[in-house]
Amino acid sequence: MVILKKIRAATLMETLTAVLIVVVVFSIASASLQNIYGAEVKNNDDLFRNRLKELAYLAKNNKLSYPFLEDTTAWNIYLEKNEDEIKLTAQWKKGRSTITQIWQNNDKI
């Protein structure tokens with residue numbers, strides 16, 4: 001028969017300290033991940049960029065009437081067409097940011 005050795009049990013304070021360390025580390029990691037992913041979602045402008053590409057395609061294929069103005073919640077988009085070029089200007093309402101794209105009539109979009 002095997003004689004079992006007695007293992008000294010951890011005290012209540014040691015257990016609480018270990019749990020506290022795990023909780024603090026988990027909280028810091030969770031807050032960091034939330035900050036990183038929150039900023040990523042806030043700065044995601046894929047839908048806006050896709051809309052600009054869609055408008056550029058429509059302009060290149062003469063599916064829009066000029067001058068074209070689209071007013072969204074965050075952006076003012078303006079398209080104008082000259083004889084040899086198409087100019088798209090998007091201005092952010094909340095700041096001074098402006099996007100300008102110019103295509104020649106023979107350029108591919």
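Computed over heavy atoms, backbone and side chain alike; hydrogens, waters and symmetry mates excluded. These figures come from a predicted structure and were not determined experimentally.
- Residues I28 and L20 share a single hydrophobic cluster, defined by chaining ILVMFWY side chains whose heavy atoms lie under 4.5 Å apart.
- Here L79 contributes atom CG and L69 contributes atom CG; the two are 9.5 Å apart, rounded to the nearest 0.5 Å.
- Nearest heavy atoms, T73 versus K93: O-CD, 3.7 Å.
- With T17 contributing its side chain and M13 its backbone, the two residues share a donor-acceptor pair below 3.5 Å.
- In this structure, the separation between CG on L88 and CG on L52 is 5.5 Å, given to the nearest 0.5 Å.
- In this structure, CD on E80 lies 13.5 Å from CZ on F68, to the nearest 0.5 angstrom.
- One distance of note links CG of L55 with CG of N50; it measures 11.0 Å at 0.5 Å rounding.
- Residue Q91 holds its CD atom at 9.0 Å from CH2 of W75, rounded to the nearest 0.5 Å.
- In this structure, the separation between NZ on K87 and CD on E85 is 7.5 Å, given to the nearest 0.5 Å.
- Contact detail for Y78 and P67: the closest heavy-atom pair is OH-CB, 3.4 Å.
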